[in-house]
Amino acid sequence: MAENPLLTRHAEALDLFTERVHAIRPDQWDDPTPCTEWTVRDLVNHLAVEQMWVPPLVREGASVGHQGDALEGDLLGDDPVATWDVVATAARDAFREPGALDRMVDLSYGESPATHYCAQMTADAAVHAWDLARAIGADERIPKPLVDFSVREVAPYAADLEESGLFAAPVEPPAGADAQARLLALLGREP
């Protein structure tokens, strides 16, 4: 049976972010990131908490409201790399369960198909992998299939992202910018 393309991209995005998490030196956790309000630890925590949401939402049909504040704050613990590895695997496994992508999930903005949720999580992990790479001085390249996927995912609602307060306003990409630079500019990043 052929691999689901969405699950392939999702796995690639998690692998890319995981590679960056494993490259963080002990002295870099408090360093700034392109996400101006976040340190490296804050950024990894953000992505880790997002992964923690996946099993209850996808497997159990829980709602964001039902979880209350259980998944708020810094949840990385004393070994943030190990925590990331555990939650990334759990999220990957939840989306890969038979029928998982056929479900609806109850997100903060209402019900959404699990495929849309997985696509959003994929694009978010890919772009935040760039943020983390920039912060720690690692390879900033996002594989082309992930860039192309993320552009298709984000472009239809990019204007709304700034209004959410979670993203900076889009910036003008440099002349002759490649697809990755255009994606980053669309999400308010200076490539």
Side-chain angles (χ1 to χ4, degrees), residues 1-23 33-35 43-44 46-55 57-58 84-85 87-105 107-109 111-135 138-162 164 166-174 176-191:
M1 186 164 122
E3 176 73 15
N4 178 306
L6 174 57
L7 293 176
T8 298
R9 295 293 87 80
H10 180 255
E12 290 169 355
L14 287 180
D15 290 347
L16 184 64
F17 195 82
T18 297
E19 182 181 295
R20 302 305 185 261
V21 169
H22 282 259
T33 70
C35 305
L43 176 61
V44 174
H46 167 71
L47 260 289
V49 169
E50 282 191 345
Q51 305 321 304
M52 291 174 193
W53 279 105
V54 175
L57 293 175
V58 173
W84 167 258
D85 289 344
V87 301
T89 298
R92 183 189 319 246
D93 291 349
F95 277 128
R96 289 181 171 274
E97 287 179 359
L101 293 179
D102 298 326
R103 300 179 185 137
M104 296 294 288
V105 291
L107 303 174
S108 59
Y109 54 82
E111 276 203 341
S112 179
T115 52
H116 292 178
Y117 178 43
C118 186
Q120 290 169 2
M121 295 286 284
T122 301
D124 197 51
V127 171
H128 282 316
W130 178 87
D131 292 329
L132 185 53
R134 170 70 51 106
D139 182 359
E140 295 179 8
R141 286 174 295 174
I142 302 171
K144 184 169 176 17
L146 268 178
V147 169
D148 294 344
F149 175 89
S150 298
V151 168
R152 285 191 306 274
E153 170 59 26
V154 172
Y157 57 82
D160 297 332
L161 293 175
E162 179 188 359
S164 74
L166 299 174
F167 290 85
V171 297
E172 189 66 31
D178 64 9
Q180 177 175 313
R182 289 191 309 273
L183 169 66
L184 296 169
L186 184 65
L187 296 173
R189 288 152 171 86
E190 298 282 347

Non-hydrogen side-chain atoms of [X] and [Y] separated by less than 4.5 Å:
X	Y	answer
Val151	Leu186	no
His46	Asp124	yes
Leu16	Ile142	yes
Met104	Pro113	yes

Can you tell me how far [atom2] of [Y] sits from [atom1] of [X], rounded to the nearest 0.5 angstrom?
X	Y	atom1	atom2	value
Leu57	Met52	CG	CE	13.5 Å
Arg9	Glu3	CZ	CD	9.5 Å
Leu146	His10	CG	NE2	10.5 Å
Arg96	Cys118	CZ	SG	9.0 Å
Glu12	Leu7	CD	CG	11.0 Å
Leu43	Cys35	CG	SG	5.5 Å

(message) Could you go through Glu153 and Thr122, starting from their C-alpha distance and side-chain angles, then the distance that decides it, and tell me whether this counts as side chain to side chain contact (heavy atoms under 4.5 Å, CB included)?
(response) CA-CA 9 Å; Glu153 170 59 26; Thr122 301; over 6 Å; no

Between [X] and [Y], what is the shortest heavy-atom contact and its length?
X	Y	answer
Ser150	Ala126	OG-CB, 3.8 Å
Ala100	Val58	CB-CG1, 3.7 Å
Arg20	Ala138	CD-CB, 4.1 Å
Glu190	Arg134	O-NH1, 3.4 Å
Glu140	Trp130	O-CD1, 3.1 Å

Run the side-chain donor-acceptor check on residues 88-95: report pairs under 3.5 Å with partners two or more places apart or on a different chain.
unit_1: Thr89; atom_1: OG1; unit_2: Asp85; atom_2: O; d: 2.9
unit_1: Arg92; atom_1: NH1; unit_2: Asp15; atom_2: OD1; d: 3.3
unit_1: Arg92; atom_1: NH2; unit_2: Asp15; atom_2: OD1; d: 2.8

(request) Show your working on side chain to side chain contact (heavy atoms under 4.5 Å, CB included) between Leu6 and Phe149 and close with a plain yes or no. (result) CA-CA 9 Å; Leu6 174 57; Phe149 175 89; 3.6 Å; yes

(message) Quick one: does any side-chain atom of Arg103 pair with a main-chain N or O of Leu101 as donor and acceptor, under 3.5 Å?
(response) no

(message) Before you tell me yes or no, could you show the steps for Val127 and Leu184 under side chain to side chain contact (heavy atoms under 4.5 Å, CB included), namely the whole-Å CA-CA distance, both residues' side-chain angles and the distance that decides it to 0.1 Å?
(response) CA-CA 7 Å; Val127 171; Leu184 296 169; 4.3 Å; yes

(request) Give a yes-or-no answer on whether the side chains of His116 and Gln120 include a donor-acceptor pair shorter than 3.5 Å. (result) no

(message) Between Gln51 and Leu14, does the side chain to side chain contact (heavy atoms under 4.5 Å, CB included) criterion hold? Intermediate values first, please.
(response) CA-CA 10 Å; Gln51 305 321 304; Leu14 287 180; 3.7 Å; yes

(message) Any carboxylate oxygen within less than 4.0 angstrom of a Lys/Arg side-chain nitrogen, looking at Asp148 and Arg152?
(response) no

